[in-house]
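In what follows, a structure is listed as structure tokens, so that the remarks can point back to it.
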Amino acid sequence: MNKRILITGGAGFLGSHLCERLLQRGDEVLCVDNYFTGTRRNVEHLIGHPRFELMRHDVCFPLYVEVDEIYNLACPASPVHYQHDPVQTTKTSVHGAINMLGLAKRTNAKILQASTSEVYGDPVVHPQTEDYWGNVNPIGIRSCYDEGKRCAETLFFDYWRQHNLRIKVLRIFNTYGPSMHPNDGRVVSNFVMQALQNQDITIYGDGSQTRSFCYRDDLVEAMIRMMDTPDDVTGPINVGNPNEFTIRELAEIVIELTGSSSKIINKPLPQDDPTQRKPDISKATSELSWSPTVQIREGLVKTIEYFENIVRNEAAESTN
Ligand SMILES: NC(=O)c1ccc[n+]([C@@H]2O[C@H](COP(=O)([O-])OP(=O)(O)OC[C@H]3O[C@@H](n4cnc5c(N)ncnc54)[C@H](O)[C@@H]3O)[C@@H](O)[C@H]2O)c1
């Protein structure tokens, strides 16, 4: 039997690839999105597929559909976007979670939450393990996202305790790859777009802060494995690539791979920017038999190819 699967935020960066993967597997996919940061373009190649349906809907409002599984990805993920309308960001996380959990309860569907490493805030424990409770500023400019996602996790676990819902919580660390929004201000898209246009590459702070970067396909594989775990596996489980780079190293690799003449410049660090982020993925390895397979250079080459197309198309449009 095909499963009927709802993906909220399905027209976004990760959601659109998840739609592709589940269709390839033979499932029926209902992609729901309000197109705040995602676009129809990300899924237009799927429109017309007999098992694919696209619906414009805001998860802040209840949704009445019949489904077997729900992947709850709806939420702007980059600081530029989630800080644009912080109240809406918190509503999306919290009301969105309540609405999707309500739907899961009514339909007895399994539900997966795309949570985030941001629940650890600016961590004082390295690498971050799932039992670390985090160091989050509740009133800062990132709080709408961090606290919204933390509250969503609380709701997931309360629905599990109170209503025996089958829940799956993944804490996703920085992920990059094709279909990322070119202007979302995330470090990989920023650096690649700046390098391709031979503009200065902007590093916030001195560039010694570290991040670990997971390639999109690896991440989506982990999501699917998580959904398919036995019911007693609830998470939270960290998923990401534990190979750590400084932001400066990343800028240098991007310049090398693009053959760019860009120069690196430094700007002040934004408020609450974490200094170090690295997942401990032992749980993902033992419970999902998962670890990342695509390393940074290979993933960046594919991502650069994707952004090169965007830059080429933009240039062609401006000369027409
Ligand atoms: N990419 C990462 O590095 C990363 C890291 C941690 C967590 N996550 C989480 O994974 C999920 C997907 O992230 P992404 O990187 O694909 O980001 P994205 O911004 O590309 O995707 C989010 C999608 O949700 C949609 N959306 C936003 N608000 C909505 C609403 N109220 N109703 C319906 N749809 C709405 C957007 O239009 C977009 O298509 C998010 O929940 C994000 O918090 C991503």
Side-chain angles (χ1 to χ4, degrees), residues 1-35 37-57 59 63-75 77 96-97 99-101 103-104 106-116 156 165-172 175-180 214-231 233-235 237 239-240 284 287-294 299 302 306:
M1 280 278 286
N2 293 348
K3 280 188 243 165
R4 290 161 305 175
I5 302 184
L6 165 63
I7 304 176
T8 74
F13 159 52
L14 294 176
S16 55
H17 188 58
L18 181 60
C19 289
E20 285 167 7
R21 285 288 313 273
L22 295 176
L23 285 171
Q24 277 162 16
R25 197 174 72 166
D27 298 309
E28 279 179 37
V29 173
L30 170 58
C31 168
V32 161
D33 208 294
N34 70 349
Y35 307 124
T37 52
T39 73
R40 278 172 62 91
R41 219 175 27 254
N42 283 341
V43 287
E44 74 187 352
H45 58 295
L46 306 176
I47 294 171
H49 189 294
R51 282 181 279 103
F52 181 73
E53 201 180 334
L54 180 61
M55 183 194 282
R56 179 193 285 265
H57 177 80
V59 293
L63 179 66
Y64 298 99
V65 290
E66 299 305 316
V67 287
D68 302 307
E69 291 178 357
I70 303 169
Y71 287 84
N72 188 36
L73 273 61
C75 187
N99 288 324
M100 292 310 117
L101 286 161
L103 175 64
R106 186 178 65 75
T107 55
N108 192 28
K110 242 193 289 186
I111 181 164
L112 179 145
Q113 168 69 354
S115 191
T116 169
F156 268 68
L165 225 65
R166 292 172 298 156
I167 62 155
K168 311 278 171 193
V169 176
L170 275 187
R171 290 186 179 152
I172 303 169
T175 302
Y176 70 99
S179 306
M180 282 185 97
C214 186
Y215 187 62
R216 176 198 69 176
D217 298 29
D218 279 333
L219 200 285
V220 167
E221 174 65 29
M223 278 187 178
I224 295 171
R225 288 188 189 207
M226 180 67 175
M227 187 61 106
D228 291 344
T229 50
D231 290 350
V233 179
T234 58
I237 295 185
V239 278
E287 303 209 21
L288 312 179
S289 307
W290 177 89
S291 57
T293 58
V294 180
K302 293 180 184 162
Y306 169 77

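Residue numbers start at 1 and run along the sequence shown. FYI, side chains are in, hydrogens and waters are out, and symmetry mates aren't considered; it's all heavy atoms of this structure.
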So which atom in [X] and which in [Y] form the shortest heavy-atom distance, rounded to 0.1 Å?
X: V169; Y: S115; result: CG1-CB, 4.0 Å
X: I172; Y: A114; result: CD1-CB, 3.8 Å
X: I237; Y: M226; result: CD1-SD, 3.8 Å
X: G12; Y: D33; result: N-OD2, 3.7 Å
X: P178; Y: Y215; result: CD-OH, 3.3 Å
X: F13; Y: Y176; result: CZ-C, 3.4 Å

[X] [atom1] to [Y] [atom2] distance, which is reported to the nearest 0.5 Å:
X: L170; Y: L112; atom1: CG; atom2: CG; answer: 5.0 Å
X: R51; Y: K3; atom1: CZ; atom2: NZ; answer: 13.0 Å
X: H45; Y: S16; atom1: NE2; atom2: OG; answer: 7.0 Å
X: E69; Y: D228; atom1: CD; atom2: CG; answer: 6.5 Å
X: R40; Y: C31; atom1: CZ; atom2: SG; answer: 10.0 Å
X: Y71; Y: M227; atom1: OH; atom2: CE; answer: 4.5 Å

Considering only heavy atoms from C-beta outward, does the side chain of [X] approach that of [Y] to under 4.5 Å?
X: E287; Y: T229; answer: no
X: L6; Y: M100; answer: yes
X: T107; Y: V67; answer: yes
X: L63; Y: M55; answer: yes

Going through the distances and angles, do H17 and S179 end up as a side chain to side chain contact (heavy atoms under 4.5 Å, CB included)? CA-CA 8 Å; H17 188 58; S179 306; over 6 Å; no

Could you point out which residue of L22, V32, L30 forms a side chain to side chain contact (heavy atoms under 4.5 Å, CB included) with I7? L22

Is there a donor-acceptor pair under 3.5 Å between the side chain of [X] and the backbone N or O of [Y]?
X: R4; Y: E28; result: no
X: W290; Y: D218; result: yes
X: T8; Y: A74; result: yes
X: R225; Y: S289; result: yes
X: R166; Y: N108; result: yes
X: K168; Y: K110; result: no

Test E221 against R21 for salt bridge (Lys or Arg N to Asp or Glu O under 4.0 Å), laying out the working first. CA-CA 9 Å; E221 174 65 29; R21 285 288 313 273; 2.9 Å; yes

Run the numbers on F156 and L165 for side chain to side chain contact (heavy atoms under 4.5 Å, CB included), then give the verdict. CA-CA 8 Å; F156 268 68; L165 225 65; over 6 Å; no

Got a sec: does the CZ of R25 have more than 12 other heavy atoms crowding it under 6.0 Å?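 Yes.
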
Around atom CZ of R106, are there more than 12 heavy atoms of other residues, nucleotides or ligands at under 6.0 Å?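 Enclosed: over 12 neighbouring heavy atoms sit under 6.0 Å from CZ of R106.
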
Worked verdict on L101 versus I70 for side chain to side chain contact (heavy atoms under 4.5 Å, CB included): CA-CA 9 Å; L101 286 161; I70 303 169; over 6 Å; no

Would you sort out whether L14 and M223 count as a side chain to side chain contact (heavy atoms under 4.5 Å, CB included), showing the intermediate values? CA-CA 10 Å; L14 294 176; M223 278 187 178; 4.3 Å; yes

